[in-house]
Amino acid sequence: MSATQTSTMPAVAYRKSLPVEDAESLLDVELPVPTPGPRDLLVRVEAVAVNPVDYKVRQNNDPGGEPRVLGWDAAGTVVAVGDEVELFRVGDEVYYAGAIDRPGSNSRFHAVDERIAARKPATLSFTEAAALPLTSLTAWEGLFERLGLHDGALDRTGTLLVTAAAGGVGAMVAQLARALTSLTVVGTASRPETVAYALRMGVTHTVDHHQPLPGQLAGIAPDGIDYIFSTNGTDRNLAAYADILKPFGRLVAIDDFGPVEIGLLKAKSISFHWELMFTRSLHHTPDLAKQHHILTQTARLVDAGILTTTATTDLGIVNAAHLREAHRILESGTAIGKITLTGFPD
């Protein structure tokens, strides 16, 4: 059924911040089909992926009884466009990560600004494509904007450490660094299955993040690390980072934590950077369309066989039970790659 044939749609939302074990932590609901704004695409969502931001918002942002839809990874088909849309037309297959201050993509139809969407990789299914946007944007911006690298700068040598290299972001960092730089990529992983996955995604060496990092890295990078992409545990590892980074090294972090002793980085003039891929859409920055271009380039690299999807587990149709299971897995910290869901109830 098209958006023009119905006024409501199936969606999954939450009304109150509850533990994931609670059956009401995520609910099947029926909501109005959104009306696209001037620069919006209205997308019939075919597949979504789940990220840690989903459960973090669910846990920490109580909507006070109103239904809030989560979801910041989607792939689908454009069924309507706003009056000022320039980049797409009805029928285009797209993928995107959406905006955190708008309703999420866990709904049959979803409105998204065209400047943060791109045509999906032609060689991937909707499910495979849905796994990529948020992590690709985070990895690309972190590497090529925050850390000061340049995509395609194959003369840029040195060593990059990425934590949780078998996670969604870590796997994309590894792939992009392998493809577009000449850096030696070291990833942290602690289980045989995560080590194997990290190596498949492009890391050259792995170290165990449950063990002290300096000793493990001494034989791999005896002169120190040039860049660190920290996806979690930044506060716990900051002293180790200060130890292993070279003078003038660069550190980018994406996780959430409280106050840290940033002065540990001063003696080596180490620069610290935040990366949040929602910054452009949250603040409507003039370069908002940069995310369209990043996702377009990512799709080209996928279609050229240089990058691959990180989709590893599909839990079935988009409904509350399946999304609760996805949140549970992510909260456990045991996920490898990306969890996806495909299709909606009839």
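Predicted model only: the values in this text are computed from it and were never measured. For reference, positions follow the sequence shown, starting with 1.
- The environment of NZ in Lys246 is crowded: more than 12 heavy-atom neighbours from other residues, nucleotides or ligands sit within 6.0 Å.
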From CA spacing to verdict: side chain to side chain donor-acceptor pair (under 3.5 Å), Thr8, Glu30:
CA-CA 6 Å; Thr8 63; Glu30 193 79 8; 3.0 Å; yes
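- Under the salt bridge (charged side-chain N to carboxylate O under 4.0 Å, His left out) criterion, Arg236 pairs with no residue, sequence neighbours left out.
- Here the side chains of Val57 and Leu70 are in contact, with some heavy-atom distance below 4.5 Å.
- Atom OG of residue Ser17 and atom CD of residue Gln59 lie 8.0 Å apart, to the nearest 0.5 angstrom.
- For the atom pair Ile220 CD1 and Leu213 CG, the distance stands at 10.0 Å (nearest 0.5 Å).
- Salt-bridge check for Arg102 with Asp40: passed, with a basic side-chain N closer than 4.0 Å to an acidic carboxylate O.
- Ion pair Arg39/Glu114 flagged as a salt bridge, since at least one NZ, NE, NH1 or NH2 atom sits closer than 4.0 Å to an Asp/Glu carboxylate oxygen.
- Looking only at side-chain heavy atoms (C-beta outward), Leu161 and Tyr227 stay at 4.5 Å or farther from each other.
- In this structure, the side chain of Asp243 does not engage the main chain of Ala240 through any donor-acceptor pair within 3.5 Å.
- Not one N or O on the side chain of Lys16 forms a donor-acceptor pair closer than 3.5 Å with the backbone of Asp62.
- Aromatic ring centroids of His292 and Tyr96 lie 6.0 Å or more apart.
- A salt bridge between Asp226 and Arg250 is absent, with no side-chain N of the basic residue lying under 4.0 Å from a carboxylate O of the acidic one.
- Using a 4.5 Å cut-off on side-chain heavy atoms (C-beta onward), Ile228 and Ile244 make contact.
- Just one of Asp255, Thr188, Thr163 meets the side chain to side chain donor-acceptor pair (under 3.5 Å) condition when paired with Thr231; it is Thr163.
- Side-chain contact check for Val48 versus Trp72: every heavy-atom pair is 4.5 Å or farther apart.
- Taking the centre of each ring, His327 and Tyr14 stay at or above the 6.0 Å mark.
- Leu288 is listed as a side-chain neighbour of Asp113, based on a closest heavy-atom distance under 4.5 Å.
- Of the options Asn319, Leu315, Leu26, a side-chain contact (heavy atoms from CB on, under 4.5 Å) to Arg324 is made by Leu26 and by none of the others.
- To the nearest 0.5 Å, the span separating CD1 on Ile294 from CE on Met277 amounts to 9.0 Å.
- In this structure Asp287 satisfies the salt bridge (charged side-chain N to carboxylate O under 4.0 Å, His left out) test together with Arg280, sequence neighbours excluded.
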Can Phe257 and Trp274 be said to form a ring-ring contact (aromatic ring centres under 6.0 Å, His included), step by step?
CA-CA 12 Å; Phe257 49 86; Trp274 283 113; 5.2 Å; yes
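- Checking side-chain atoms of Gln216 against main-chain N and O of Asp208 turns up a donor-acceptor pair under 3.5 Å.
- Linking Ile, Leu, Val, Met, Phe, Trp and Tyr residues whenever their side-chain heavy atoms come within less than 4.5 Å leaves Met201 and Leu149 in two separate clusters.
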Show your working on side chain to side chain donor-acceptor pair (under 3.5 Å) between Thr184 and Thr159 and close with a plain yes or no.
CA-CA 5 Å; Thr184 297; Thr159 304; 4.7 Å; no
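- Under the 4.5 Å side-chain criterion, counting only non-hydrogen atoms from C-beta, Val43 is not in contact with Val79.
- In this structure, the side chains of Val69 and Leu31 come closer than 4.5 Å at one or more pairs of heavy atoms.
- Cation-pi geometry between Lys120 and Phe126 is met: under 6.0 angstrom from the ring centre, within 45 degrees of the axis.
- Leu160 contributes atom CG, which lies 8.5 Å from atom CZ of Phe229 (distance to the nearest 0.5 angstrom).
- When the salt bridge (charged side-chain N to carboxylate O under 4.0 Å, His left out) test is applied to Arg58, the partners found at least two apart in sequence or on another chain are Glu331.
- Rounding to the nearest 0.5 angstrom, the gap separating the NZ atom in Lys56 from the CD1 atom in Ile100 is 10.0 Å.
- Checked by atom type and distance alone, the side chain of Arg191 pairs as donor or acceptor with a backbone atom of Thr334 at under 3.5 Å.
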Test Arg44 against Glu46 for salt bridge (charged side-chain N to carboxylate O under 4.0 Å, His left out), laying out the working first.
CA-CA 6 Å; Arg44 176 184 166 93; Glu46 302 296 343; 3.1 Å; yes
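- Atom OG1 of residue Thr135 and atom NZ of residue Lys338 lie 4.5 Å apart, to the nearest 0.5 angstrom.
- In this structure, Lys290 and Glu145 have side chains that are in contact, with non-hydrogen atoms separated by less than 4.5 Å.
- Counted within 6.0 Å of CG on Asp83, heavy atoms from surrounding residues, nucleotides or ligands total 12 or fewer; the atom is thus considered open.
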